[in-house]
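All values below were derived from every heavy atom in this structure, side-chain atoms included, with hydrogens, water molecules and symmetry-related copies excluded.
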Amino acid sequence: MLKLNFHPSGRHFLQIPGPSPVPDRILRAMSLPTIDHRGPEFGALGLELLSKIQKIFKTENPVIIYPASGTGAWEAALANTMSPGDKVLMFETGHFATLWHKMALRLDVQPEFLGLPGYEGWRHGVQAGMIEARLKEDTHHELKAVCVVHNETSTGVTSDIAAVRQAIDAAGHPALLIVDTISGLASADYRHDEWGVDVTVSGSQKGLMLPPGISFNALSPKAIEASQQAKLPKSFWAWDEILEANKNGYWPYTPSTNLLYGLNEALDMLLDEGMDQVLARHQRWAAGVRAAVEAWGLEIQCQDPSVYSPVLTGVVMPEGVDADAVRKIIYERFDLSLGMGLGKAKGKMFRIGHLGDCNDLTLIATLGGCEAGMKLSGVNLKGSGVTAALDYFAANPLNAGKR
């Protein structure tokens with residue numbers, strides 16, 4: 001039998017930017033006995049969940065919950081709003097934007113990819129001006145949607161979604177705005193209704209602190225209207241049957257009951273703490289980690305401080321240093337998992353996750369493992385990132401919320 005719990009002592013440090021560590025409180029909730037998904041108790045649970053999740057997306061509109069990964073929710077967003085051959089505008093900010101582009105091609109949607117050139121383009125956020133200019137050229141309104149990633153997990157860049165909406169409006173274009181906030185939800189500020197998003201895609205395994213296996217589509221009335229005309233084939237992903245069943249707290253298929261127990265517990269944790277507090281602690285953790293990177297004398301993957309991610313920080317290795325080799329040493333010597341560089345960033349950087357079930361000492365230990373591992377790898381560090389982070393956290397306290 002595969003041996004998964006192989007760590008000799010202490011807990012493994014899972015500091016990738018998702019899946020994030022699952023709190024014991026959520027694991028206990030998921031361990032409750034499975035109930036009848038057609039029974040009255042489940043209906044009450046479903047209605048409660050569907051109400052609470054709207055508060056996380058900051059929407060008064062429906063939120064679809066799927067038993068699927070975030071990739072499934074990407075497909076659902078396109079399948080419910082597009083017809084074969086429809087053109088969409090996508091902006092390349094990193095590896096996950098490129099995967100979404102690849103999916104569109106597989107679904108017989110015609111994506112047009114905008115972006116800044118080369119690897120350096122992956123160090124900046126969405127350029128709303130480029131989107132506005134392209135939409136103004138599209139005088140026949142052939143582009144049916146603009147698809148962007150809010151928090152690009154591969155790079156640590158959080159794009160300005162409100163600016164994208166303003167660009168679409170300034171162009172006078174009817175395109176839908178579809179946004180991936182799989183890694184941003186419940187960690188970075190996100191406002192589905194206020195920012196005029198038509199479909200928001202998200203997942204369970206990041207800021208919601210759950211295992212993988214749940215994903216979401218938050219909708220707008222315009223998106224629901226578009227779905228009634230869309231011709232891409234869909235059955236499992238179809239919104240209409242789910243929305244109808246959700247009216248009474250149910251689903252048209254067997255839902256992931258025990259994951260929904262966990263989701264309910266996660267939502268209680270977040271809402272009891274207060275979303276303003278949740279977002280503030282993520283910003284604070286990110287600032288402390290960036291202070292460490294600066295003290296090391298290394299570059300942050302994101303080159304624009306205005307869009308630094310509160311979810312993760314990409315640490316760029318000096319020229320000639322293989323970031324994956326550094327990660328391997330850190331994993332083997334200190335039982336610490338870090339995110340690898342993906343796509344154009346492979347081997348150039350590693351990613352430190354600072355989201356979800358974390359605290360100051362978790363990150364101090366993480367930075368200690370990084371610092372020791374880089375020294376063992378021969379990386380020349382300017383100073384101590386651990387000390388810099390300690391100083392930052394000490395000088396910038398945050399009142400602890402209820403957990």
- [ ] Show the numbers, then the answer: is there a side chain to side chain contact (heavy atoms under 4.5 Å, CB included) between V326 and M317?
- [x] CA-CA 9 Å; V326 176; M317 291 291 94; 4.1 Å; yes
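- The pair R25-D268 fails the salt-bridge criterion, with no side-chain N (NZ, NE, NH1 or NH2) lying under 4.0 Å from an Asp/Glu carboxylate O.
- Between K222 and E225 there is no salt bridge, since none of the side-chain N atoms of the basic residue sits less than 4.0 Å from a carboxylate O of the acidic one.
- Around atom CD of Q228, more than 12 heavy atoms belonging to other residues, nucleotides or ligands sit under 6.0 Å away.
- Side chains of W285 and L355 form no contact here, defined as non-hydrogen atoms less than 4.5 Å apart.
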Task: side chain to side chain contact (heavy atoms under 4.5 Å, CB included) assessment of L176 paired with K144 - done: CA-CA 6 Å; L176 296 169; K144 302 304 181 184; over 6 Å; no
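- No salt bridge links K234 with E75; every basic N to acidic carboxylate O contact stays at or beyond 4.0 Å.
- What you find for E152 and A97 is that their closest heavy atoms are OE1-N, 3.3 Å.
- Ion pairing between D360 and R284 holds under the 4.0 Å rule for side-chain N and carboxylate O.
- Contact record, V201 with A77: CG2-CB, 3.8 Å, taken as the closest heavy-atom pair.
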TODO: Step by step, work out the salt bridge (Lys or Arg N to Asp or Glu O under 4.0 Å) result for E112 and R134.
DONE: CA-CA 10 Å; E112 180 180 327; R134 178 64 188 92; 2.6 Å; yes
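- Pairs of residues two or more places apart, or lying in two chains, that qualify as side-chain hydrogen bond (donor to acceptor under 3.5 Å, both in side chains) and include a residue from residues 186-197 are K58-D189, T59-D193, N61-D193, S187-H282, D189-R191, Y190-T200, R191-E194, H192-T200.
- A heavy-atom distance below 4.5 Å is not found between the side chains of F13 and S337.
- Remark: side-chain polar atoms of D357 are not paired, donor with acceptor, to backbone N or O of V22 under 3.5 angstrom.
- The two atoms that bring P255 and F42 nearest to each other are CG-CZ, 3.4 Å, heavy atoms only.
- In the model, H12 has a side-chain atom that pairs as donor or acceptor with a side-chain atom of D335 under 3.5 Å.
- By the 4.0 Å N-to-carboxylate-O rule, R327 lies too far from E332 to be salt-bridged with it.
- Distance check: C370 SG to I329 CD1 gives 12.5 Å after rounding to the nearest 0.5 Å.
- Ion pairing between a basic and an acidic side chain is recognised when a charged N comes within 4.0 Å of a carboxylate O; R290 and E294 show no such pairing.
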- [ ] For side-chain hydrogen bond (donor to acceptor under 3.5 Å, both in side chains), just list the numbers for N258 and T34, CA-CA rounded to whole Å, side-chain angles, deciding distance to a tenth of an Å, and then say yes or no.
- [x] CA-CA 6 Å; N258 290 63; T34 304; 2.7 Å; yes
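- There is a side-chain donor-acceptor pair under 3.5 Å between D198 and S220.
- With hydrogens and angles ignored, the 3.5 Å screen pairs no side-chain donor or acceptor of S159 with any backbone N or O of I161.
- Summarising the local packing, CG of D36 is surrounded by more than 12 heavy atoms from other residues, nucleotides or ligands at distances under 6.0 Å.
- Formation of a donor-acceptor pair under 3.5 Å by the S83 side chain with backbone atoms of D86 is not found in this model.
- Side-chain atoms of N264 do not come within 3.5 Å of backbone N or O of L260 as any donor-acceptor pair.
- Q277 places a side-chain heavy atom less than 4.5 Å from the side chain of L398.
- To the nearest 0.5 Å, atom NE2 of residue H95 and atom CE of residue M340 are 9.0 Å apart.
- Rounding to the nearest 0.5 angstrom, the gap separating the OG1 atom in T257 from the CD atom in E41 is 12.0 Å.
- Atoms CG and CD1, on L271 and I53 in that order, are 8.5 Å from each other to the nearest 0.5 Å.
- Scored by the side chain to side chain contact (heavy atoms under 4.5 Å, CB included) test, A68 finds Y66, S215, W237 as partners (sequence neighbours excluded).
- The backbone N or O of T362 sits less than 3.5 Å from a side-chain atom of N359, completing a donor-acceptor pair.
- Environment of CG in D240: crowded, with over 12 heavy atoms of neighbouring residues, nucleotides or ligands closer than 6.0 Å.
- The minimum heavy-atom distance between P62 and I224, with the atom names listed, is CG-CD1, 4.1 Å.
- Using a 4.5 Å cut-off on side-chain heavy atoms (C-beta onward), L298 and M374 make contact.
- Within the 3.5 Å criterion, the main-chain N or O of L363 finds no donor-acceptor partner in the side chain of Q15.
- The main-chain N or O of P310 is found under 3.5 Å from a side-chain atom of H354 such that the two form a donor-acceptor pair.
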Without placing hydrogens or testing angles, list every side-chain donor-acceptor pair under 3.5 Å for residues 342-350, not counting sequence neighbours.
residue: K344; atom: NZ; partner: E92; partner atom: OE2; Å: 3.0
residue: K346; atom: NZ; partner: D324; partner atom: OD2; Å: 3.1

Open item on the list: The test is side chain to side chain contact (heavy atoms under 4.5 Å, CB included); show your working for T153 and K206 and say whether it passes.
Closed with: CA-CA 10 Å; T153 325; K206 311 280 187 173; 3.7 Å; yes
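- Using modelled atom types and a 3.5 Å distance limit, the side chains of H150 and T181 yield a donor-acceptor pair.
- One finds a salt bridge joining R165 and D169 here, because a Lys/Arg side-chain nitrogen approaches an Asp/Glu carboxylate oxygen to under 4.0 Å.
- With a 6.0 Å radius and a threshold of 12 heavy atoms from other residues, nucleotides or ligands, R106 has its CZ atom at or below the threshold.
- Not less than 6.0 angstrom separates the ring centroid of F91 from the ring centroid of F113.
- Note that CE of M90 and CE of M103 are 9.0 Å apart. Values are rounded to the nearest 0.5 Å.
- Annotation: the span from I178 atom CD1 to L89 atom CG amounts to 11.5 Å, rounded to 0.5 Å.
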Open item on the list: Under the criterion side chain to side chain contact (heavy atoms under 4.5 Å, CB included), I'd like the reasoning laid out for I300 against Y308: C-alpha separation, chi angles, the key distance, then a yes or no.
Closed with: CA-CA 9 Å; I300 293 171; Y308 280 149; 3.8 Å; yes
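- Within the 4.5 Å cutoff, the side chain of Q301 has no heavy atoms near those of the V157 side chain.
- Checked for salt-bridge contact, R281 and E273 meet the test: a charged N lies under 4.0 Å from a carboxylate O.
- Partner V148 forms a side-chain contact (heavy atoms from CB on, under 4.5 Å) with one of D180, T93, L177 and no other, that one being L177.
- Contact check for Y392 versus V289: no side-chain heavy atoms found under the 4.5 Å cut-off.
- Taking 4.5 Å as the limit, some side-chain heavy atom of M209 sits within range of a side-chain heavy atom of I26.
- Put simply, the side chain of S183 gets close to the backbone of N151: a donor and an acceptor are under 3.5 Å apart.
- Two residues are said to be in side-chain contact when any heavy atoms from C-beta on lie closer than 4.5 Å; P67 and I214 fail this criterion.
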